[in-house]
Every structure is written in structure tokens, then in C-alpha cells.
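Worksheet for the structure shown next.
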Amino acid sequence: MAKSLEIQDLWVSHDGKMILKGVNLSLPLGEVHALMGPNGAGKSTLGKVIAGDQAYTVERGRVLLNGEDITGLEPDERARKGLFLAFQYPLEVPGVSIANFLRLALKERLGRDVPVTEFYARLQEGLKTLEWDEEVLGRYLNEGFSGGEKKRNEILQLLVLRPQVAILDETDSGLDIDALKVVARGVNSMRGPEFSALVITHYQRLLNYIVPDVVHVMMDGRVVKTGGPELALELEARGYDWLKEEVAHAGGS
Amino acid sequence: MTEKALLFNPDQISKARSEPLWLEEARKGAYEVFRAVPWPSKKTEAWRYSAGRLKAVPFDLPLEEPRGQSYGREALPEWVQSRISSADFSAFLVFKGADLVYAEVPEELTEKGLRFLSLHQALKAYPELVEAHLYKAIPARQKGDANDKLPALNAAIWNHGVFVYVPDGLQLEAPIGVLREIEAGVLSVGRTLVVLGENARLSYVEEHYSPDLERPSVNLAMTELILGAGASLVHANVQSWGDNVHHLYRQRALLARDASLKDLTVNLGASFARSEVGSELAGPGADSEMLGIYFADGDQHLDHYTLQHHVAPHARSDVYYKGVAKDRGNIIYQGLIQLEPAAQKTDAYQTNRNLLLSREARAESVPQLEIAANDVRCSHGSSIAPIDSEQRFYLQSRGISRLAAENLLVAAFLEDVLGRIRLENLARYLAGAIEQKVGLEV
């Protein structure tokens, strides 16, 4: 099966501290994978590095998108190749309206001018899926948004830009159960043979609504275990300590 | 700069134009002040960041003289054509060098009482009006320190300019404008006098443009804005000179009771620009909003000084200046809120924000308060910051190029100033001009 996203032996440092220590991960096209792990495991760092955040230094390894090495590319070049990161903490950009921003982003994503009618058709569809009022489009990007509104706005961007590979970084954190269902519906509406997603989450809760094909667990900068959806349930029931011991034991032998 | 190089003869300027005696006397007085006071130096507080630049300004260039040129509308320079097609001016004047080369002032406006012509035409046609107001906001004979050097020179030797008069009660909605292009290798000395009668209303836009010049020119310009009781003026001064122009500008507004000024100063061009913009709140209830936008690239040095001078009680003033610098650009802001003892119940605010797009770009920001009244509300704030790399990453992660992301962030940074201008067409034009500067490789 075609690997849409592949991480090979990725080592990444920040401010002189090694955060990712040899991550390996494969995400085939058409699948949704969950990436779980305790706080500080490096999950969010991995998401940002895949998207091209230059605050981090890649020391070794590669990120491949559809077989192409994108490790050295600018964030916008990666996005134009079909990558999308839903931020854990979306930035507020006062002075830039959502509508203007999204129209420019869509133009870049498609590599052509986008007629207003096509743009609004995409927007309307996204807003409907997310049960959101059109009024939001005139607002400045995330300015004064609640935590839940910011997350919803990330998914709106996902629905408008229709990337091939999406990384959702703790999109569930800070959401009440109703908002969580709405956001999950948005992501699920994207599922299909031409879309894959890496869902980074701390809790199993989101995975009741976005059921993953595969679950990866990260600890201390590495993927230490990969399994089916049942792995998430096991982590929910037993916590991470047993896994830590298992990893320590494996490392010691 | 040696004084010897500056052997102007204000008498000759007056005589050559058969000016009235009062003006000849005023010029003489001003010239005495000019000769008597020292040049601003690093020790002159208001000039501390630009005294070196001033020293390099070639004041000994030949004075730009009127040559009697005039154009048909079709022959106007391309930039003028382009601006008048989108600016929606109800009346406008075009200057090339010291000549008024084209005027379009509808008779309907003249019949209502609008006077809009060159200052020398006004001296002939409306001598009492000019005499009653010229040098009122920027006196010909100043008290006499280094800060008065350039105003005194201008008062002594100006030889072109604009006169605008709106009589009591006349309210004009559509803006009027002046478009001016400087010549190469000259010292250009111009003066603008805008007078609004009681409850008069006007929007007035000055735009200054030139291509990059092969030989340096100096533009020494003064603008006086005189607002009668209850008058309301929207004023914009847009400076887009090319390289090799040295721009020295002072503007003073005099606001009578309940008068309201919305001012915008824009510095985008020139190698070196120095803008001093002040409002004197002389009557209770007066309100002066002073906005500023500036953007330095290449090796541009753009210096701004604002003065909010509160003389009367119950007046309000608000300075909001925002600057951007990239490449090796240098941007400077200094401002003073000055409250006289009688200026009780004053509201005075002063904010300056600066955005740096490169490591080599520099900004200075020095807001100051001088308060002699005790029952007032005053605040000031300033900041200098590089572009937010996390915001840029966020925008880039959506496929927007680094340059386009910076453009969005610069536009967003300036958006609230542009949004406060009541001149939509001008705001749109400036947004475009700024976008070009972000993308320009210098």
C-alpha cells in the first residue's frame, strides 16, 4: 500500500536538547492513525517538525510525503504538497480576517485562482458540517476565540483546504463532549481512500468518535508500541506505567 | 553645512513677486532668526537620532524656481493620472516643481466659497485672508532655538505653495487633493495654508511623489492647519519620494473650541525624512487624532516627532503611529504630550508601535509627557518587536509563502491605523503601496 507519510529515524533537537530520538512511523494512504503517549513524549514536536516548524532542528532522519523527502522544505511548500497540521494552540492573528486568509490559502493549495463561488461553496459545506454561523468568517483569525472555537476553526480550514495528509495535534483538548462530536464529524467527513490522518491525543475519548485503524504510542522521543484500536482502550484502562516498564525491560535485555 | 553656502535673499523673492509689504517684513524677520539660531545637533533633544543625517542634507542646492509651466489634463504624469482616477477628488491641484501646472476646481465649489489655489495666486486674489492666517500656526519669528532653524528658513524663502479656505458653515464631503512632484538637484521650499471657518468641514489630501533621483533634492515644507470653532478637518500627507530626496516637514494645527482634526502622516519614500507633526488644542472641546504610518527599506532613515500641545481645558488628543522597517531601514519616533497649567480635564494618549522585518533594521521609540495640570488623563505606550515567527509559521503551514505571510502580518499590523482613516480610497492605495514595499528586494 502507498505510504502517504513516512518518518524514518527522526532525531530532533530544540535549544540544544534532544526531543525526538529516532522516530519511525508509517501512515499509509486512506488510513487514520492515532498517536498517543504521556506528556513530554514528543508527540506535538513530531507534528510541528512534520509541518516544517523551523524552531526545531532536525539532527538526523527524514520525513517523506508520497515517497518524496520533504525534510528540508519550507512549511508552505509542504502544505502545497498536501500536508496539513491542525495546531494544538492555534495562533491569534488580529487584522487578518478568516475569509481573506482562507481564500489566499486555498489559492496556494490548488495552485490557481479560486472563483468566489467555488470558495464559498467549500466554506458553506464546512460551516454546515461544523454547525457554525457564517458570521465567523468576518472575524479576525482566532482573535478572541474560545479554546473550542479555535479548534473548530482548525477543522474548518481542514475542510476547506482538503489536504491529503492531516496531523491533528490534540484537537480534542479543551472541548466539551458536544464540540468534540462536531469536530470528529468534520474529520470523519474527510475519511476516504485519498485521505490519511495522524491524530495526536492524550486521551482515548476522541478515539470513540474518530476510530483509528492503527494506534502508535510514543515515549521519550520514540514510537515504542504500535497496535490496533484496542491498544488505546488498554492504555485508557491501565495507564502508561506498564508500558514504561515493558520498554525499560526490552531496553535492558 | 556652512552658512556661507546659504546666501538667499528673501527681499528678492518678495520683490520678484510683488508681494505685500507685511510679507516682505515677515520674511526678513524669519531670515534673521534663521541666521541667528544654531543648526540642530545631537544635543538638540528632538533631533538626537537624526542630527547626523541633517548635517549631510545639501541645503546649498539652487532654489527650485517657478518656470511658468502648465499642462493639459492628458499631459499630466502617469502617477498623477493613476491617482486621480482612483482617489475621487472633487477638486485637485497638480504641482511640478514650483509650478502649479494643472488645476481642476469645479465652479460649483468656488461659488459655495471654497478657495483652492496656489499661495501666490491667493496673495493676489484674497490678500486679507492670507494675511490674517499665514504664519499663525508656524510663526515667522520663532522664539529662537535650534528647533526653529528649519521653520525659519522655510518662512523666509518659500516660493511656492497651496492655499485652501473653507468659509463658515460650508461642509464638503468629497476630498480635495494636491499632487506634487519634485525636480532633481534642487532645494524646494513650499508652504501650505489650510483655513477652515466656523463649523466648516473638509477632507484634504497632499501626495508627494517622485521617481528615484539621480541628483539629490531637498524638500523643505511647512503646512499650517487653522481650524475655526466647530470645524472638522480630515488631513493626510503622503510622502512617496524616490531615493535621493531629503524630506523635511513640519505641520502645525491650531484648533479652536470644539474643532476636530483627523490627521494622517505617511512616510514611505525619501532617503531621509523628518516629519514634525503638532496640534495645539487652543479651545475647549477640541479633538486631535494624529495617525502615522511609515515603512523604511534599503537604507532609508525616517524620523517622526509629534507634539500634542494642550492649552485649553476639556480637550482630547490621540497619537497613534506605527512603523515598519526591513533591510537596513531606520525608523524613529519621538513624541511629546505637553499640558499647560490651564489644560485641566485633558484626555491625551500617545502610542507608537514598530515592527522589524530584518535583523539589520533599527527602530527608536521615545514617548514623553510634560504635564503642568493635575486633573487629566494621559497615557503613553511604545513597542518595538520583530515579526512573530510563530504567527508566520501558522500562516505558512496553510500553504502561504513566507513573503505572502509577512505581507499579511504587516498589513494586519497596520490595519487598525488604515481602518481609522476616513478616506477609503487612500487606505486601499496605501495598503497596495505597503504590500509592494514588503516584496521589494533592495
Side-chain angles (χ1 to χ4, degrees), chain A residues 47-56 70 73-98 100-112 114 140-143 150 153-154 156-158 160-167 169, chain B residues 291-293 295 320-324 351-359 381 383 385-421 424 427-428 430-439:
Chain A
K48 284 191 263 190
V49 170
I50 294 170
D53 190 345
Q54 287 156 356
Y56 299 87
I70 61 166
L73 296 188
E74 286 276 324
D76 53 296
E77 294 174 299
R78 300 174 193 222
R80 290 196 291 270
K81 290 181 186 294
L83 194 68
F84 181 92
L85 171 66
F87 280 53
Q88 183 181 5
Y89 303 110
L91 278 290
E92 296 194 15
V93 191
V96 175
S97 78
I98 294 183
N100 286 345
F101 160 67
L102 264 179
R103 187 146 186 228
L104 181 58
L106 183 60
K107 182 183 161 206
E108 296 297 340
R109 169 79 182 98
L110 300 179
R112 61 172 167 86
V114 181
Y140 288 146
L141 189 50
N142 295 325
E143 189 191 34
K150 285 181 183 171
N153 191 15
E154 293 295 284
L156 176 65
Q157 294 171 40
L158 173 81
V160 170
L161 299 176
R162 298 177 193 166
Q164 187 203 53
V165 179
I167 298 154
D169 189 2
Chain B
L291 306 172
I293 288 179
F295 191 144
Y320 194 47
Y321 269 53
K322 282 191 158 181
V324 181
T351 305
N352 173 236
R353 309 244 172 262
N354 299 281
L355 181 66
L356 301 179
L357 302 186
S358 76
R359 281 171 201 278
S383 63
I387 205 152
D388 186 323
S389 59
E390 286 187 40
Q391 282 183 337
R392 187 175 54 204
F393 171 55
Y394 186 52
L395 298 175
Q396 276 192 274
S397 79
R398 298 302 181 251
I400 295 167
S401 72
R402 190 185 174 96
L403 187 63
E406 289 190 350
N407 239 320
L408 271 179
L409 293 174
V410 169
F413 172 72
L414 297 174
E415 205 273 343
D416 55 350
V417 182
L418 288 175
R420 275 163 75 170
I421 307 168
E424 272 178 43
R428 207 173 307 128
L430 291 174
I434 287 157
E435 193 173 320
Q436 269 198 335
K437 286 200 66 136
V438 176

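Convention: sequence-line order gives letters A, B, ...; per-chain numbering from 1.
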Practice prompt. Begin from the C-alpha positions of B:Leu408 and A:Val93 and carry the test side chain to side chain contact (heavy atoms under 4.5 Å, CB included) through to its verdict.
Written response: CA-CA 9 Å; B:Leu408 271 179; A:Val93 191; over 6 Å; no

Practice prompt. Look at A:Phe101, A:Phe84, A:Phe87 and state which one has the largest set of heavy-atom pairs under 4.5 Å with chain B.
Written response: A:Phe87

Discussion item. Give me the atom names and distance for the closest heavy-atom approach of B:Gly399 to A:Ala79.
Written reply: N-CB, 3.2 Å

Item to complete: Could you tell me which non-hydrogen atom of B:Phe393 sits nearest to which non-hydrogen atom of A:Pro75, and how far apart they are?
Response: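 Nearest heavy atoms, B:Phe393 then A:Pro75: CD1-CG, 3.7 Å.
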
Worksheet item: Between A:Leu141 and chain B, which part of the residue has a heavy atom less than 4.5 Å away: side chain, backbone, both or neither?
Response: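 Just the side chain, heavy atoms under 4.5 Å.
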
At a cut-off of 3.5 Å, what donor and acceptor atoms pair up between chain B and chain A?
from, atom 1, to, atom 2, distance (Å)
B:Gln391, NE2, A:Glu92, O, 2.8
B:Tyr394, OH, A:Asn142, ND2, 3.2
B:Tyr394, OH, A:Glu154, OE2, 2.3
B:Tyr394, OH, A:Gln157, NE2, 3.2
B:Gln396, O, A:Asp76, N, 3.3
B:Gln396, NE2, A:Glu74, OE1, 2.8
B:Gln396, NE2, A:Asp76, OD1, 2.6
B:Arg398, NE, A:Gln157, OE1, 2.5
B:Arg398, NH1, A:Leu85, O, 2.7
B:Arg398, NH2, A:Leu85, O, 3.0
B:Arg398, NH2, A:Glu154, OE1, 2.6
B:Arg398, NH2, A:Gln157, OE1, 3.4
B:Gly399, O, A:Arg80, NH1, 3.0
B:Glu415, OE1, A:Tyr140, OH, 2.8
B:Glu415, OE2, A:Tyr140, OH, 3.1

Discussion item. Run the ring pair (Phe, Tyr, Trp, His ring centres under 6.0 Å) test against B:Phe295 and tell me which residues pass, sequence neighbours left out.
Written reply: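 B:Phe295: no ring pair (Phe, Tyr, Trp, His ring centres under 6.0 Å) contacts found.
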
Practice prompt. Measure B:Leu414 against the heavy atoms of chain A and call it side chain, backbone, both or neither at under 4.5 Å.
Written response: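 Contact with chain A: none, neither part.
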
